[in-house]
Amino acid sequence: MKRQAHPILTGALILTATGLASRVIGFFYRVYLSHLIGAEGMGIYQMISPVSGVCFALCCGPLQTSISRFVAGSAAGGQFRNGRSHFAAGLILALGISFGLAGLLYPQAGWLARTVLGEPRTTDLLRLLALSLPVTAAHSAINGYYYGRQKAQVPSLSQLAEQLVRVGAVYLLAGYLQARGQSLTVVVAALGLVAGELASLLVSVLAIRATFFSEGLRWEDSQPAATVSPLRALPGVFLLAAPLAANRLVLGLLQSVEAIQIPGRLEMSGLSSSDALSVYGVLTGMALPFILFPSALTNSVSVMLLPSVAEAQSVQDTGRIGRTTELSISYSLYLGILCTGIFASWGQEMGALFFQSTEAGSYIAILGWLCPFLYLSTTTGSILNGMGKTGATFLQNLAGLAVRLAFVFFLIPQYGIVACLWGMLASELLVAGLHLLTLYRLVPFSFSAFYRLLRPMAAIALAVQISHRMLPLSGIAGLLAGCAAIAGFYLLFLAVTRRE
């Protein structure tokens with residue numbers, strides 16, 4: 001059994017290492033970008049996320065998941081050529097859908113910007129998004145193949161390349177424009193995004209060609225020799241991806257409504273249009289990246305969990321799924337509680353030091369309470385999807401989103417952006433609880449509330465108190481020392497109280 005777990009652990013470690021490196025780069029890039037285009041510019045940049053989310057729901061995420069599950073199932077039965085055929089089918093579908101979406105989005109970018117998003121300055125951003133869709137779709141399909149084989153090196157390397165090229169492109173372009181005395185707009189950030197996607201695709205294409213050659217199966221020769229041809233594999237890949245795409249499309253559309261409505265509801269609370277965009281930019285462009293930074297670990301585990309659970313289910317190994325569930329829940333809670341302690345203790349200092357914004361610091365401190373539920377819902381949702389329970393995860397995510405929308409529509413006009421923050425907390429708490437309840441009914445696993453929940457809560461409370469009394473420092477040194485001390489004492493207490 002231990003040998004079976006190695007691909008998850010190895011893949012998760014690789015993805016975590018590169019994910020953390022990418023997030024460090026991305027974090028300082030966000031800081032640089034916030035100084036470059038300002039809080040209002042960050043708000044405008046974030047406004048296209050609803051459209052990109054809908055597009056990716058149709059041509060990227062669901063097909064990547066479908067490819068991953070088929071490749072994992074084929075690998076479990078030793079039918080590697082069938083896996084390649086399903087990958088080819090998924091790639092054809094991803095490219096076909098992405099080119100169709102690009103053809104619709106590019107000419108209608110102006111209308112979408114004015115009528116749907118309510119911000120004409122997003123027109124050029126939407127056009128650049130349209131041009132990047134086929135690139136992103138192809139890259140996503142290749143990642144799906146490697147995740148299905150539980151080989152995380154290539155997706156990790158392409159992710160790192162994407163971040164490095166994006167940051168480098170924006171830095172060079174901004175320097176060039178500033179040297180010529182030209183003003184900087186959010187288009188600079190969008191151009192960097194396109195450059196990064198191109199770099200990640202190049203790495204992925206070179207890698208998969210090398211993989212096929214090294215395995216003695218050239219791309220041209222693998223298709224006729226496959227038991228199932230790519231054309232025959234198309235219906236299966238599509239039928240698995242279609243409900244996932246429908247689920248994500250509905251969720252994406254509702255998330256679009258939420259993102260579009262937040263600035264307008266903030267205006268109803270008494271803010272001007274510019275101030276509303278600035279507040280939205282601080283929340284989504286400054287505070288949330290801090291909260292999502294540690295999720296590099298849970299996201300990495302989730303990516304590797306899905307094909308592993310699908311493989312275990314294909315051989316009816318429920319015991320392995322149960323053990324995987326127990327470990328996923330435990331370590332999601334451990335990491336989430338640690339992050340809550342750090343963000344609640346040092347959130348104000350983080351906002352002030354990195355963004356010169358007390359507002360960002362307040363958001364970080366409040367959103368820190370999201371971490372245990374956010375990380376838990378991520379890993380448990382991946383296990384449910386790996387078991388084929390996509391309908392359950394869709395309905396539960398829909399319920400969580402309905403809670404967030406209720407806070408946006410009914411409470412932001414009265415209480416301001418704080419209502420949005422509390423809505424996010426309530427939503428993640430509901431989704432995590434529903435995922436756990438569904439898993440408990442499907443898989444036999446044990447969970448000790450005292451050992452897995454109360455023990456780390458007591459440990460973080462003690463760690464925070466000790467670190468604050470021992471380290472009365474300020475500035476960057478105080479922030480880094482404080483976070484390290486909390487993490488160190490927390491892990492020490494967990495190790496001391498660990499049962500055999």
Side-chain angles (χ1 to χ4, degrees), residues 23 26-28 30-35 37-46 49 258-259 261-295 336-375 403-404 407-408 410-429 460-461 464-465 467-468 471-476 478-480 482-483 486:
R23 284 174 186 265
F27 166 71
F28 286 106
R30 290 270 183 172
V31 175
Y32 169 71
L33 199 61
S34 68
H35 295 307
I37 62 178
E40 184 179 4
M42 293 290 286
I44 295 171
Y45 181 61
Q46 293 296 325
S49 59
E258 178 192 30
Q261 287 295 321
I262 288 176
R265 295 285 155 172
L266 287 172
E267 290 184 45
M268 293 175 65
S269 71
L271 297 180
S272 66
S273 176
S274 178
D275 288 341
L277 279 174
S278 295
V279 169
Y280 183 63
V282 170
L283 173 62
T284 58
M286 300 180 189
L288 273 177
F290 257 107
I291 303 304
L292 297 176
F293 184 86
S295 63
I337 291 170
L338 170 61
C339 293
T340 295
I342 290 175
F343 290 133
S345 301
W346 292 96
Q348 294 286 355
E349 288 79 1
M350 290 174 179
L353 287 172
F354 288 101
F355 299 110
Q356 291 77 53
S357 171
T358 56
E359 192 176 25
S362 298
Y363 298 164
I364 292 170
I366 295 173
L367 289 174
W369 297 93
L370 268 176
C371 295
F373 314 115
L374 176 63
Y375 304 160
V403 170
R404 276 166 41 191
F407 276 79
V408 169
F410 301 115
L411 297 181
I412 286 182
Q414 184 176 357
Y415 298 103
I417 195 64
V418 175
C420 180
L421 305 183
W422 288 111
M424 294 170 70
L425 287 171
S427 170
E428 289 299 334
L429 176 59
I460 197 64
V464 168
Q465 290 297 321
S467 63
H468 275 290
L471 297 165
L473 301 175
S474 59
I476 295 290
L479 175 62
L480 295 177
C483 294
I486 290 175

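All heavy atoms count here, side chains included; hydrogens, waters and symmetry mates do not.
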Open item on the list: Before you tell me yes or no, could you show the steps for Thr340 and Ile460 under side chain to side chain contact (heavy atoms under 4.5 Å, CB included), namely the whole-Å CA-CA distance, both residues' side-chain angles and the distance that decides it to 0.1 Å?
Closed with: CA-CA 9 Å; Thr340 295; Ile460 197 64; over 6 Å; no

TODO: Could you check Ile412 against Met268 for side chain to side chain contact (heavy atoms under 4.5 Å, CB included), going step by step and ending with a plain yes or no?
DONE: CA-CA 8 Å; Ile412 286 182; Met268 293 175 65; over 6 Å; no

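- Scanning all heavy atoms of the two residues, the minimum distance from Phe407 to Ala419 falls at CD2-O, 3.3 Å.
- Ile366 CD1 to Leu425 CG: the interatomic distance, rounded to the nearest 0.5 Å, is 8.0 Å.
- Side-chain contact check for Glu267 and Ser272: no donor-acceptor pair (N or O, by modelled atom type) lies under 3.5 Å.
- In this structure, Glu258 and Arg404 approach most closely via the heavy-atom pair OE1-NH2, 2.6 Å.
- Closest approach of Ala276 to Pro263, counting heavy atoms only: CB-O, 3.5 Å.
- Side-chain contact between Ile262 and Val279 is absent, with no heavy atoms from C-beta onward closer than 4.5 Å.
- Atom-to-atom distance recorded for Leu277:CG and Ile44:CD1 is 6.0 Å, nearest 0.5 angstrom.
- Closest heavy-atom contact between Tyr280 and Ala259: OH-CB, 3.4 Å.
- Considering CD of Gln261 and SG of Cys420, their distance stands at 12.0 Å, rounded to 0.5 Å.
- The structure places CE of Met424 at 13.5 Å from CZ of Phe373, a figure rounded to the nearest 0.5 Å.
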Open item on the list: Checking Leu479 against Phe354 for the side chain to side chain contact (heavy atoms under 4.5 Å, CB included) test, could you report, in this order, the C-alpha distance in whole Å, the side-chain angles of both residues, the deciding distance, and whether it holds?
Closed with: CA-CA 11 Å; Leu479 175 62; Phe354 288 101; 3.5 Å; yes

Task: Steps toward side chain to side chain contact (heavy atoms under 4.5 Å, CB included) verdict (Phe343, Ile291) - done: CA-CA 8 Å; Phe343 290 133; Ile291 303 304; 3.8 Å; yes

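- Atom OG of Ser362 is separated from atom CD of Glu359 by 7.5 Å, given to the nearest 0.5 angstrom.
- Residue Leu288 forms a side chain to side chain contact (heavy atoms under 4.5 Å, CB included) with just one option from Val282, Leu367, Ile364, and that option is Leu367.
- Contact of the Trp422 side chain with the Leu411 side chain is not registered, since no non-hydrogen atoms from C-beta on lie closer than 4.5 Å.
- Taking all atoms of both residues into account, the shortest heavy-atom contact from Cys371 to Cys339 is SG-CB, 3.7 Å.
- In this structure, the separation between CD on Glu428 and CG on Leu374 is 5.0 Å, given to the nearest 0.5 Å.
- Between the side chain of Ser467 and the main chain of Val464, a donor-acceptor pair closer than 3.5 Å is present.
- What you find for Ala426 and Val403 is that their closest heavy atoms are CB-CG1, 3.9 Å.
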